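Shown next, in structure tokens, is the structure this report addresses.
Below, chain A is the first sequence line, B the second, and so on; all start at residue 1. Remember, it's a predicted structure, so these values are computed and weren't measured experimentally.
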Amino acid sequence: MAATYEPIATTTLLSTALGYTFSSIPNTYTDLVLIVQGSTVVSAGDSITLQFNDDTTSNYSTTGLYGTGSSAASYRESNTFTQTGRISTTQSTSIINIMNYTNGSTYKTVLARGNAPDSLVITQVSLWRKTEAITKIKIANQNNVVFSIGTTFTLYGIKAA
Amino acid sequence: MATTYTLIASNTVGSGGASSIDFSSIPNTYTDLKLVYSLRGTGATTSMSALVSFNGATTNRTWKVLYGQGSSAASTSGSDTYFSEPPAASATSNTFGNGELYIPNYAGSSYKSANSDSVGENNATTAYQELFAILWSSTAAINQLTISLASGNLAQYSTAYLYGIKNS
Amino acid sequence: MLNSLVSVLQGGAGAAATAYESIATVTASGGETSLTFSSIPSTYTHLQLRFSALEAAGNNITMQFNNDNANNYVYHYLVGTGSAAYAGSVTATNKVVIEGQYNGTVGTYPNVGIVDILDYTNTSKNKTVRSLSGGDNNSTTGEISLNSGLWLNTASISTIKVLASASFDAGSSFALYGIKGA
């Protein structure tokens, strides 16, 4: 029996890098789960951004809910990039669910949890306004600065019956 | 191919309650840990702070939480081992919290960051929904997890399940 | 003296069995006001429901168990709309909310969510639901929320009904997974 929850690919940065790209993502799963753990050089913290299938246009938007440690707030941005998770100079963790990623009839919605302990605790929902199946994910950050050595990017697939 | 999502161990609190739940000798053969928990306290309050220590350490910990408590949203932070706010004896009977704590690269040599997503419930206005950002500033591999409450004991039928997630 | 519990570690040689398995998927053909998972096996410890749903703007998605549609439910929510962060509660109601408000245009803007129900067969515990869900439509509002729900019943869950406050559009998909705890 095929496994329900499987790793697709993983990488650990051996040198600093602006991000990482997963290509040739198989279309045999239902949802994707992306785990990003590591740090960057932006001390105030930064949003992790995703681009799908080399779409560099403004076909993305995000609604977020976050806590700073002293206040709770919500924000949204339209016609921009996705903001999925959070990273900062201390060890940070983001769990990003890309739901129904092969559906050829709907846009793609992403559900994310981000944890940058010296920055924000955050959850976001993001939209990519394309109906094509996702085959490529480019991971970067909003300020386009490097991720630190040791940052890991891991992609899992979840397969529904 | 190795199994990706594996139960490492489980605990159920028996009659009389327990002061803590402990997972010891956690193997270092997985990539991430996922602790799934359903807790209730015995103290005479509506809810109680739950704590989780790594390797018995209670220092070098920081956390931030975004939470709702039934009427407003807020955020706070601290430096103890707080990670959840389950119901306790003054909450609706037979009612337990529901949460998960995800720790990536728990056996690696970097500091350990974790997400805890936790809800309590209660047949009243006040119950907590919480999203935590947790940091343990230690390069040690995690080989022990211990859950306890800030006051009182864990009630009978409280449960915790530790899963290993493997990235290859 | 109350003693701490020490875990019982899984032992044995050989590859461990996966703890996470797919149970069933239900997909709307369009126009349904609810979708149901019946005869849920009792062989797991936890359930996870992952969904991608389409319905008319302003509607929500709720859940009932074992065909109980009486006022035996409570729910709480923590919500961000893009302009406000707030929380609230509803008691003595006939369902729990798992997704607060659909914001998109039917057909293309899915609202998604991940719903966890722990210890669903434990007959000593009321059933507590946790749901992280949301949707965005590239407009002035979106919604992201952490919801909790309580079914005031200790019965083992054998049926889950997911309800649309209006109706589900074709392609709305709900996938149920079982997670083993022993």
Side-chain angles (χ1 to χ4, degrees), chain A residues 1-13 33-39 45 64-74 85-96 111-124 148-159, chain B residues 1-7 30-34 60-69 71-79 82-83 99-118 129-139 163-168:
Chain A
M1 175 184 177
T4 301
Y5 198 112
E6 288 187 327
I8 296 173
T10 186
T11 195
T12 299
L13 295 182
V33 180
L34 172 64
I35 310 288
V36 179
Q37 201 232 10
S39 61
L65 173 65
Y66 64 93
T68 65
S70 56
S71 63
S74 182
R86 193 77 180 169
I87 198 153
S88 68
T89 52
T90 58
Q91 201 71 353
S92 308
T93 295
S94 290
I95 302 171
I96 301 162
L111 204 56
R113 265 283 281 121
N115 154 4
D118 63 346
S119 172
L120 304 175
V121 53
I122 193 166
T123 184
Q124 297 136 314
S148 305
I149 294 170
T151 297
T152 62
F153 305 90
T154 303
L155 190 66
Y156 297 91
I158 295 178
K159 190 170 174 59
Chain B
M1 180 190 240
T3 303
T4 303
Y5 197 122
T6 306
L7 176 69
Y30 300 97
T31 310
D32 305 336
L33 293 178
K34 182 173 181 178
N60 296 319
R61 284 281 295 269
T62 57
W63 52 265
K64 277 192 171 75
V65 66
L66 165 67
Y67 69 95
Q69 32 74 294
S71 56
S72 62
S75 180
T76 187
S77 60
S79 58
Y82 180 41
F83 83 114
E100 66 176 62
L101 173 73
Y102 197 97
I103 314 169
N105 296 320
Y106 71 101
S109 58
S110 300
Y111 286 177
K112 308 302 180 291
S113 68
N115 293 2
S116 182
D117 295 1
S118 171
Q129 304 77 52
E130 300 173 299
L131 300 173
F132 283 84
I134 293 167
L135 179 69
W136 182 38
S137 298
S138 169
T139 57
Y163 296 91
I165 311 289
K166 219 167 156 49
N167 70 356
S168 63

Which residue out of B:Ile165, B:Ile103, B:Leu135, B:Leu66 racks up the most heavy-atom pairs below 4.5 Å with chain A?
-> B:Leu66
Among the listed options A:Ser94, A:Ser119, A:Ala72, the residue most often paired with chain B at heavy-atom distances under 4.5 Å | A:Ala72
What residue in A:Ala9, A:Gly69, A:Ser70 has the most heavy-atom pairs under 4.5 Å with chain B?
-> A:Gly69
Report yes or no: does A:Asn115 contribute a side-chain atom to a donor-acceptor pair with the main-chain N or O of B:Ala114 at less than 3.5 Å?
-> yes
Determine whether the side chains of B:Ser71 and B:Gln69 contain a donor N or O and an acceptor N or O closer than 3.5 Å.
-> yes
When the 4.5 angstrom heavy-atom criterion is applied to A:Thr152 and chain B, the contacting part is side chain
Using non-hydrogen atoms only, which part of B:Tyr67 is less than 4.5 Å away from chain A: side chain, backbone, both, or neither?
-> neither
Of the non-hydrogen atoms in B:Ser75 and B:Val65, which two are nearest, and what is the gap between them?
-> OG-O, 2.8 Å
Pick one of side chain, backbone, both or neither for B:Ala73, based on which atoms fall under 4.5 Å of a heavy atom in chain A.
-> both
In terms of heavy-atom proximity below 4.5 Å to chain A, should B:Ile134 be classed as side chain, backbone, both, or neither?
-> backbone
Say whether, by atom type as modelled, one donor and one acceptor occur between the side chain of A:Gln124 and the main chain of A:Gly85 under 3.5 angstrom.
-> yes
Check B:Tyr106 against B:Lys112 and note the closest heavy-atom contact, atom names and distance.
-> O-CE, 3.2 Å
Ring pair (Phe, Tyr, Trp, His ring centres under 6.0 Å) between B:Tyr82 and B:Phe132: does it pass, once the steps are laid out?
-> CA-CA 9 Å; B:Tyr82 180 41; B:Phe132 283 84; 5.0 Å; yes
What part of A:Thr90 gets closer than 4.5 Å to chain B, counting heavy atoms only: side chain, backbone, both or neither?
-> side chain
Turns out that what part of A:Ser39 lies under 4.5 Å from chain B's heavy atoms comes down to neither
Structural part of A:Tyr5 lying under 4.5 Å from a heavy atom of chain B = both
Should B:Lys34 and B:Glu100 count as an ion pair when the cut-off is N to O under 4.0 Å?
-> yes
Checking heavy atoms, do the side chain of A:Leu65, its backbone, both or neither come under 4.5 Å from chain B?
-> both
Pairwise side-chain contact, B:Asp32 with B:Pro104, heavy-atom cut-off 4.5 Å (strictly under) = yes
Flag the one option from A:Ser92, A:Gly114, A:Gly150, A:Ala116 with the top tally of heavy-atom pairs under 4.5 Å to chain B.
-> A:Ser92
